[in-house]
Amino acid sequence: MITKRPRGTNDLLPAQTSRWQWVEEMVRKTSSSYGYQEIRTPMFEHTELFERGIGEATDIVEKEMYTFSDRGDRSITLRPEGTAPVVRAFLENKLYAQPLPAKLFYMGPMFRYERPQAGRYRQHTQFGVEALGSADPALDLEMITLPISVYQACGLEGFSVNINSIGCPQCRPAYREVLLQALRSVEDELCGSCRSRMERNPLRVLDCKVPNCRAATANVPAMVESLCGDCGDHFSVLTTLLDRLDIAYVNNPRLVRGFDYYTKTVFELTVPSLGAQDAVGGGGRYDGLVEECGGPSLPGVGFAVGIERLLLALEQQGNQDFPQSRLDGFVVHFGGATKSEAVALVHELRRSGLQIEMDYQDRSLKAQMKAANRLGVRWVAILGGDEWERRVLNVRWMDEGSASEVSLDRAAEVLLRAKEEQD
RNA sequence: GUGGGUAUAGCUCAGUAGGUUAGAGCGCCAGGUUGUGGCCCUGGAGGCCGCCGGUUCAAAUCCGGUUACUCACCCCA
C-alpha cells in the first residue's frame, strides 16, 4: 500500500518536530562545549566495512543489516551504527595527520532490520561521539559525562550509569577460559541459548536475563578481577575520575556489549522506566578498531545516544522544556476587494519579522476568528471595507479580549513593538 | 526469526444468546449573531466494520487463513 510507511519507520509530524529540533540543539551545544566537531558521513557504506568493523559473529552483521546490491553490483549496507563509518572517514581523509585526538560527533539515522517494539525501530536516530588517537582514560570519562550533560540539558531524570571493563586481547582470552570453566560447573542450570552461547561467546552468558541463569552465574569470577596491568590501571583511573567528579555509577560486571570491537571500558546509560529497551546511551573503548579497518594502530573511544528513546523518556516524564513557537498574528479579511489588501498586509508584516497567518478559503468572520483562536495567535487584525476606507486595522488582542485601532501605515511598526514588549 | 494482544468515523472507543438504515465523545464544516474567538445550542459531512475465504436464510459479531499494528524474547540506541 503506497499510503503505508515501511515497518519500523516513523513520520515526525509538525507537533513533534519542535521538540526534536530543541533536543538537536542541546546535543550540538553540549558537544561543542566539550570540544567535539560535527562529521557527516554517508547513510550507506560498503557492506564489508560493517562486517569487518562490527564483527562477523555479531547479531547486527548476522541478521540485522539492510544489505542490497546496487546497479553496479556492489554490496551496499544502510549504516546500522555510526562508529565504523566515522573510523572509515577518519582514515580515508587522513585525519590522523592532524592533531590527535580527533574529536568528532555525528547525528543521523541508523538502520537495523529488527522486529519493532517500544523504543526500537528499523530506522532510528543516533547521536554519537568518537575520540580517536588517544588512550587517555580522561576521554573515557568524557564519553560518560558528555551524554549525561546532554540529558541534564534536556531535563531528563532517573537515568543510571553502568560501567565495566572487558579487558583487551592480552587479558581477555585468559578470563574467557576461567569463565568457561566456571560456567561448565553450572551448565545444566543454564537456559538453552546460554548453553549454545557458552562456546561462541561466553561473556554473553553474563548478561542473560533469565532468572535461573542469573542465579547460576551469581558467583562466577568477574572480568575486572582478571584484567592485565594496563587494563586494570586504566579502569581504576577512570573510576577515580568518576568519583572525583561525583558521578554516580554502578560497577556492573555483567555488562557486556554486542560489538566485537570493544576493549577495556564499556558503559551503558539506562532509564529503567522505559521498559524492555531502556538503554538511552552506551559505548566504550575500541583500541583495535582503527587498525582492524586498515589504519595505523590508534586507540579510540566513543558512545551513541538513541534520540527516539531520549524523547520517549522525556515525554514519559511530562517534560515541556522545549520552546513552543507561537504565531504573532492572524489577518482577517472579508473576501472581495479586501482580500488583495490583506495579502499585501500579510506580506509586509512577515517581512518585518512577524509570524503571520491568514485565511485562504474566504470563510466567514466567525470562522476566521475561530481559526485564529485555534492557532493561538496573540492578536487578530481585522481588515474589512470599513477599516480599509479609514486606513486602519481593528486589532483584537486575543489573550485580553480587548480591541484597538492601529493606523494601516504604521501597523508593522506598532505590532512589532508590541511583540518586543511582550518578549 | 519466535510468542502474546489488538484491528469499527480524522482521533479515543462502544456495539456477541448472529437479525431492518452500525453508534457515542472529541475533532472538522456550517448556522444560531448578513462585522468579532473561547462557553452554549442546532444541523451537516465523514465508515470497503483490516483483507480473503468458510458456516448460515442472515456475519462487525462464529470459524480458518492472511496482513498490519502493538508488546515481549533475541539483541541493541
Participant: Does A:Y113 or A:L383 map to a spot on RNA chain B nearer the 5' end, using the closest nucleotide for each?
Facilitator: A:Y113
Participant: Is it true that A:R254 and A:D207 make a salt bridge, defined as a side-chain N closer than 4.0 Å to a carboxylate O?
Facilitator: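 No, this pair does not count.
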Participant: Ignoring hydrogens and angles, answer whether the base of B:rG37 and the side-chain atoms of A:R374 contain a donor-acceptor pair closer than 3.5 Å.
Facilitator: no
Participant: Anything under 30° is parallel, anything over 60° is perpendicular, the rest tilted; go ahead and classify A:W22 against A:F322.
Facilitator: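 Taking A:F322 first and then A:W22, their aromatic rings sit tilted (interplane angle of 30° to 60°).
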Participant: What's the gap between B:rA30 and B:rC73 when it is taken at their P atoms, as a whole Å value?
Facilitator: 49 Å
Participant: For A:Y121 and B:rC75, what is the distance between atoms OH and C1' respectively, to the nearest whole Å?
Facilitator: 16 Å
Participant: Closest to the A:K366 side chain: B:rG32, B:rG37, B:rG35?
Facilitator: B:rG32
Participant: Among B:rC29, B:rC75, B:rG31, which nucleotide sits nearest the side chain of A:S364?
Facilitator: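 It is B:rG31.
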Participant: With a distance cut-off below 6.0 Å to the six-membered ring centre and an angular limit of 45° from the axis, does A:R40 pair with A:Y106 as a cation-pi contact?
Facilitator: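 Output no; distance or angle outside limits.
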Participant: Both A:G275 and A:V280 contact RNA chain B. Taking the nearest nucleotide for each, which residue is further toward the 5' end?
Facilitator: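 Taking each residue's closest nucleotide, the earlier one in sequence belongs to A:G275.
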Participant: Categorize A:E114 for me: base, sugar-phosphate, or nothing, with a 4.0 angstrom heavy-atom threshold over every strand shown.
Facilitator: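 Result for A:E114 = base.
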Participant: Indicate whether any N or O donor in one side chain lies under 3.5 Å from an N or O acceptor in the other, for A:D278 and A:T270.
Facilitator: no
Participant: Let me have the donor-acceptor pairs involving side chains of residues 42-54 of chain A, under 3.5 Å, with sequence neighbours excluded, atom names and distances please.
Facilitator:
residue, atom, partner, partner atom, Å
A:E45, OE1, A:R88, NH1, 2.9
A:E45, OE2, A:R88, NH1, 2.5
A:T47, OG1, A:S75, O, 3.1
A:T47, OG1, A:S75, OG, 2.7
A:T47, OG1, A:I76, N, 3.4
A:T47, OG1, A:T77, OG1, 2.7
A:R52, NE, A:E292, OE2, 3.4
A:R52, NH2, A:E292, O, 2.7

Participant: Go ahead and name the base partner of B:rA68; Watson-Crick or wobble counts if both distances stay under 3.5 Å, otherwise write none.
Facilitator: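 Its partner is B:rU6 (Watson-Crick or G-U wobble, both distances under 3.5 Å).
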Participant: With P as the reference atom in both, quote the distance from B:rU21 to B:rA7 in angstrom, rounded to an integer.
Facilitator: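 Here B:rU21 and B:rA7 have their P atoms 24 Å from each other.
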Participant: In plain terms, say whether A:R257 and A:E268 are close enough for a salt bridge, that is, a side-chain N and a carboxylate O under 4.0 Å apart.
Facilitator: yes
Participant: Can you tell me how far C1' of B:rC29 sits from CG of A:D362, to the nearest Å?
Facilitator: 15 Å
Participant: Could you work out which one of B:rC29, B:rG35, B:rA77 sits closest to the side chain of A:R363?
Facilitator: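 Closest of the options to the side chain of A:R363: B:rC29.
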Participant: Please classify the nucleic acid contact of A:F259 as base, sugar-phosphate, or nothing, using heavy-atom distances under 4.0 Å.
Facilitator: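 The answer is sugar-phosphate, as A:F259 gets under 4.0 Å only of primed atoms, P, OP1 or OP2.
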Participant: Angle class for the A:F303/A:F267 ring planes (parallel below 30°, perpendicular above 60°, tilted otherwise)?
Facilitator: tilted
Participant: So if I take every side-chain heavy atom of A:K370 and compare against B:rG35, B:rA77, B:rG38, which nucleotide ends up nearest?
Facilitator: B:rG38
Participant: Provide, to the nearest angstrom, the distance between the CZ atom belonging to A:R390 and the C1' atom belonging to B:rG35.
Facilitator: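 In whole Å, B:rG35 C1' and A:R390 CZ are 13 Å from each other.
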Participant: For B:rU61, what is the paired nucleotide under Watson-Crick or G-U wobble rules, both distances under 3.5 Å?
Facilitator: none
Participant: Please measure how far the C1' atom in B:rU16 lies from the corresponding atom in B:rA60, and state the result in whole Å.
Facilitator: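 Their C1' atoms lie roughly 10 Å apart.
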Participant: Could you identify the nucleotide paired to B:rC49, looking across every strand shown and requiring Watson-Crick or G-U wobble geometry with both distances under 3.5 Å?
Facilitator: none
Participant: What integer number of Å spans the P atoms of B:rA17 and B:rG10?
Facilitator: 27 Å
Participant: Which part of the nucleic acid does A:G385 contact within heavy-atom distance under 4.0 Å: base, sugar-phosphate only, or nothing?
Facilitator: base
Participant: Taking atom CD of A:Q317 and atom CG of A:L312, what is their separation to the nearest 0.5 Å?
Facilitator: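 Answer rounded to 0.5 Å: 10.5 Å.
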Participant: Which part of the nucleic acid, if any, lies within contact of A:E308, taking any heavy atom under 4.0 Å across all strands shown: a base, the sugar-phosphate backbone alone, or nothing?
Facilitator: nothing
Participant: In whole angstrom, give me the gap between the P atoms of B:rA59 and B:rG53.
Facilitator: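 Between the two P atoms, the distance is 13 Å.
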Participant: Using the P atom on both, measure B:rC13 against B:rU70 and round to a whole Å.
Facilitator: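 One P to the other, the span is 14 Å.
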Participant: Rounded to the nearest angstrom, tell me the gap between atom CG in A:D278 and atom P in B:rA72.
Facilitator: 10 Å
Participant: So which nucleotide does B:rC28 pair with, by the Watson-Crick or G-U wobble rule with both distances under 3.5 Å?
Facilitator: B:rG44
Participant: Could you verify whether a donor N or O on one side chain and an acceptor N or O on the other, from A:Y34 and A:S149, lie under 3.5 Å apart?
Facilitator: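 Yes.
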Participant: Distance check, C1' atoms only: B:rA22 and B:rC69, in whole angstrom units.
Facilitator: 24 Å
Participant: Tabulate atom names and distances for all N/O pairs under 3.5 angstrom spanning the protein and nucleotides 68-71 of chain B.
Facilitator:
residue, atom, partner, partner atom, Å
B:rC69, OP2, A:R7, NE, 2.8
B:rC69, OP2, A:R7, NH2, 3.1
B:rC71, OP2, A:A118, N, 3.0

Participant: Could you work out which one of B:rA77, B:rG35, B:rG32 sits closest to the side chain of A:R309?
Facilitator: B:rA77
Participant: Tell me the interatomic distance from A:Q368, atom CD, to B:rG35, atom C1', rounded to whole angstroms.
Facilitator: 11 Å
Participant: Checking all strands, does A:A367 fall into the base, sugar-phosphate, or nothing category for heavy-atom contacts under 4.0 angstrom?
Facilitator: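 If one applies the 4.0 Å heavy-atom cut-off, A:A367 turns out to touch the sugar-phosphate alone, with no base involved.
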Participant: How long is the line joining CD of A:E130 and C1' of B:rA77, in whole Å?
Facilitator: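 The distance from CD of A:E130 to C1' of B:rA77 comes to 13 Å, rounded to the nearest Å.
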Participant: Please confirm whether the ring centroid of A:F105 lies under 6.0 Å from the ring centroid of A:Y36.
Facilitator: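 So the answer is no for these two rings.
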Participant: Find the partner of B:rC75: check Watson-Crick (N1-N3 plus N6-O4 or O6-N4) and G-U wobble (N1-O2, O6-N3) distances, both under 3.5 Å, and reply none if neither fits.
Facilitator: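 By the stated definition (distances under 3.5 Å), nothing pairs with B:rC75.
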Participant: What about A:Q277: does its side chain form a donor-acceptor pair under 3.5 Å with the base of B:rA72?
Facilitator: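 Answer is no: no donor-acceptor pair is held.
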Participant: Could you state the atom-to-atom distance from NZ of A:K63 to P of B:rC75 in whole Å?
Facilitator: 8 Å
Participant: In the strands shown, is B:rG38 matched to any nucleotide by a Watson-Crick or G-U wobble pair with both distances under 3.5 Å, and which?
Facilitator: none
Participant: Let's test this: given Watson-Crick or G-U wobble pairing with both distances under 3.5 Å, identify the partner of B:rC13.
Facilitator: B:rG23
Participant: When rounded to the nearest Å, what value does the distance between P atoms of B:rA24 and B:rA9 take?
Facilitator: 14 Å
Participant: Tell me: OH of A:Y151 to C1' of B:rA77, nearest whole Å?
Facilitator: 9 Å
